[in-house]
Amino acid sequence: MSQQVQEKYEESYLYKIRHSAAHVMAQAVMEMFPDGKITIGPPVENGFYYDFDLPRSLTPEDLEAIEKRMRGIVQGKHEFNKKVVSADEAKKIFADQPYKLELIAGLEKGELDEYGEPLKEKPEISIYQHDTFVDLCRGPHVENTKEVKQDAFKLMSIAGAYWRGDEKNKQLQRVYGTAWENKQQLKDYLNQLEEAKKRDHRKLGKELEIFVFDEEVGPGLPLWLPNGAIMIEELEKLAKEMEEKAGYQRVRTPNLTKEDLFVRSGHLPYYAESMYPPMELEGVKYYVKPMNCPMHHKIFGSKGRSYRDLPIRLAEYGTCYRYEKSGELFGLMRVRSLQMNDAHMYVTEEQFEQEFLGVIDLYHKYFELFGIEKYVMRLSLHSKAGLGKKYVDNERLWLKTEDMVRRAMTNADVPFVEEADEAAFYGPKIDVQIWSVIGKEFSLATNQVDFAQPERFDLKYTNKEGNEEVPLCIHRAPLSTHERMVGFLIEHFAGNFPVWLSPEQVRVISITDAQNEYAENIAKHLRSNGVRAHADLSAQRMNAKIRQAQLMKVPYMLVVGDNEMAAEQVSLRVRDGSQQNNIPLGEFLERVKDKIARRAREL
RNA sequence: GCCGACGUAGCUCAAUCGGUAGAGCACCCGCCUUGUAAGCGGGCGGUUACGAGUUCGAGUCUCGUCGUCGGCUCCA
């Protein structure tokens, strides 16, 4: 990871432009809806937004009108003027703005800033005015509105957003915009969005026949087509190889269990509403499993364990079902049936660090394999306020395990950032954020400490002294779920998968039907050598066959005509368009086998 | 779940003001025997997501349901 010191976004000129654009937008909206209420409008990645409470819903036409009005305002070259005020003055200024009054009250108490975020020290209260618009704001802003260039911003979308991010609060209307230093930057950004759209896994997934969703099957329940099934099998093969080397054992558990198990694990009170409702049989409730861990705990507990047996690492890629809220579903990234790259490791306290880092090590191997260059590890911690609610109520163990993770990461010199109030209910975790080659962010892998469940399941091992001890458990899924991983890989590679992952690795293309038999024999020969190859013997022209193979992003095309047939050779066309003629079939086979064996990214 | 937008053939899209639903690709049948991204001709294919309503008449207007998308919330 590059450790270059970068200018902080909050201190950048771009940040000021976006913040100012948000104010200009708020002015435009308030001029159109004088009775509207303003809330907050911060810069965000790539742009800004402002949340309003308006008498009616905004339409796409409104967006155009707002944008037009904004252009007029910025051309007016109005200065941004800051003024520090007392809380009472501020209350007077925003007398008819209830949301602002709420924010002022927070500032006054010194608890929350103007965005409702917790504060460390009591802040000064300031307002910013430009033209007809005044906002409660700590800034900073640009000098005048003309610095928000009229051809360097664009309103992007209208969305609902809860006041202060709490779904119990009123839903506001959020207008998203993007703003840049100049026209070219805006254009580049919009192009980048177009580019991302072309890579969208939902689009490519359909085009490359990897998966489909069917209304009649149900939302969030993907059907894996043969090409997708191949990719998943390759991922499993990879994971099994890696885990076998790392001493994991594979287990299998049912998709259905009695309610008691999830009561015991402690999941039910936390997650009942996001589990499929139970079915009742002979007076007993059964749930479809949303996770594998309770059953792995049962396997651990199925016999007496010695410290000599530990660590025990149980792996399973079982299918789990989670009833995600309808609005949360998103392509393959958020689904209701999922296969986790799951394993649970039972360790002693002394073994913890090494085992935890062993998982981090797996991450790095996967990153390298897939060419993931940018990533951040986030250590998610508990919050004191959440104890007994979001989190298991045992502060001592929280602090202890959090520190164990922190120490392990620091000792191994793995950079990480800490996030408060983001842990799992049973312990702290490391989540990994990664970025695809075009800079789109994904949350994939997870590595979680669990100090709660082993105890709940009464898991024990006998230590050297002959006393019983409770092991720690590490939950980990370096490849996330198959669904998310495939979605990521589609976008990361834009469907141009490395050979080992490509559903079809070689397509043999006969020029006329005189070479059909030769082509078919080549395909058979490759298949018998473990290469996924097919011959296109259709009555189409060679060019059409090549086009189709290109569209399906097949890495290697072997074109065979009379010349190749006579010489027992092939003409190789690589997916990138390059071409090599007169290659002996055996030579090509060695090349493909090598790329597959090494899981090489290059063709 | 909430706010908003959208839903036409397997896919990508068209259909003026409410007036008989159309094209390309795919698929099927022929002809062509071809040298590195689409050869030509013909055919099949729709209860316009589903259900109600308004209307002489609805793909188009209204309501409901389902689904998808942009966000919010959530993600063991």
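First the proteins, then the strands, lettered A, B, ... as listed; each starts at 1. When reading the values below, keep in mind they use all heavy atoms of this one structure, side chains included, and skip hydrogens, waters and symmetry mates.
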Mutual orientation of the aromatic rings belonging to A/Phe425 and A/His267 [parallel < 30°, tilted 30-60°, perpendicular > 60°]: perpendicular
Closest-nucleotide 5' rank along RNA chain B - winner of A/Val559 and A/Ser157: A/Val559
A/Arg202: side chain to side chain donor-acceptor pair (under 3.5 Å) partners, not counting sequence neighbours: A/Asp200
Of residues 417-426 of chain A, the positions that come close to RNA chain B - non-hydrogen atoms, cut-off under 4.0 Å: A/Ala424, A/Tyr426
Listed once per pair and sorted, the salt bridge (Lys or Arg N to Asp or Glu O under 4.0 Å) pairs that draw on residues 503-515 of chain A, sequence neighbours left out: A/Glu504-A/Arg507
Secondary structure of RNA chain B in dot-bracket form (Watson-Crick or G-U wobble, distances below 3.5 Å, | marking inter-strand pairs): (((((((..((((.....[..)))).(((((.......))))).....(((((..]....))))))))))))....
Sugar-phosphate, base or nothing in reach of A/Ala159, heavy atoms under 4.0 Å: base
Identify each donor-acceptor pair in which a side-chain atom of residues 204-214 of chain A lies under 3.5 Å from a protein atom, sequence neighbours left out, and give them as a table.
residue, atom, partner, partner atom, Å
A/Glu207, OE2, A/Lys203, NZ, 3.2
A/Asp214, OD1, A/Glu216, N, 2.7

Listed partners of A/Asn582 passing side chain to side chain donor-acceptor pair (under 3.5 Å), at least two apart: A/Gln569
Those residues that, when tested against A/Lys197, pass side chain to side chain donor-acceptor pair (under 3.5 Å) (two or more places apart): none
Touch class at under 4.0 angstrom, heavy-atom based, for A/Gly165 against every strand present: sugar-phosphate
Sugar-phosphate only, base, or nothing, as touched by A/Arg334 at under 4.0 Å among non-hydrogen atoms: base
Interatomic distance at P, B/U54 relative to B/C72, whole Å: 41 Å
Sugar-phosphate, base or nothing in reach of A/Ser326, heavy atoms under 4.0 Å: base
B/C75 and B/A15, which share atom name P, separated by this distance in whole Å: 44 Å
Sugar-phosphate, base or nothing in reach of A/Arg174, heavy atoms under 4.0 Å: sugar-phosphate
Which residues share a salt bridge (Lys or Arg N to Asp or Glu O under 4.0 Å) with A/Lys440, sequence neighbours left out: A/Glu491
B/C31 and B/A37, which share atom name P, separated by this distance in whole Å: 28 Å
Basic-acidic side-chain contact under 4.0 Å: A/Glu102, A/Lys37: no
Most 5' of A/His267 and A/Arg575 on RNA chain B, judged by nearest nucleotide: A/Arg575
Spacing of the P atoms in B/G35 and B/C40 (rounded, Å): 15 Å
Pairing residues for A/Arg313 by the side chain to side chain donor-acceptor pair (under 3.5 Å) criterion, not counting sequence neighbours: A/Glu355
Results of salt bridge (Lys or Arg N to Asp or Glu O under 4.0 Å) for A/Glu602 - residues two or more places apart only: A/Lys595, A/Arg598
Sugar-phosphate only, base, or nothing, as touched by A/Asp53 at under 4.0 Å among non-hydrogen atoms: nothing
Touch class at under 4.0 angstrom, heavy-atom based, for A/Asp166 against every strand present: nothing
Inter-nucleotide P distance (B/U48, B/G43), Å rounded: 24 Å
Carboxylate-amine/guanidinium proximity below 4.0 Å for A/Lys384 and A/Glu395: yes
Sugar-phosphate, base or nothing in reach of A/Gln580, heavy atoms under 4.0 Å: nothing
Touch class at under 4.0 angstrom, heavy-atom based, for A/Pro219 against every strand present: sugar-phosphate
P-based separation of B/C63 from B/C6 [nearest Å]: 12 Å
Sugar-phosphate only, base, or nothing, as touched by A/Gln448 at under 4.0 Å among non-hydrogen atoms: sugar-phosphate
Segment of RNA chain B, first to last nucleotide, that comes within the 4.0 Å heavy-atom reach of chain A: B/G1 to B/A76
Pairs meeting criterion salt bridge (Lys or Arg N to Asp or Glu O under 4.0 Å) with involvement of residues 48-58 of chain A, two or more places apart: A/Asp51-A/Arg174, A/Asp53-A/Lys170, A/Arg56-A/Asp62
Touch class at under 4.0 angstrom, heavy-atom based, for A/Lys429 against every strand present: sugar-phosphate
Whole-angstrom distance between B/G71 and B/C25, as gauged at atom P: 35 Å
Sugar-phosphate only, base, or nothing, as touched by A/Ser274 at under 4.0 Å among non-hydrogen atoms: base
Touch class at under 4.0 angstrom, heavy-atom based, for A/Tyr49 against every strand present: nothing
Heavy-atom pair with the smallest gap, counting every atom of A/Gln339 and A/Tyr317: NE2-O, 2.7 Å
Sugar-phosphate only, base, or nothing, as touched by A/Arg336 at under 4.0 Å among non-hydrogen atoms: nothing
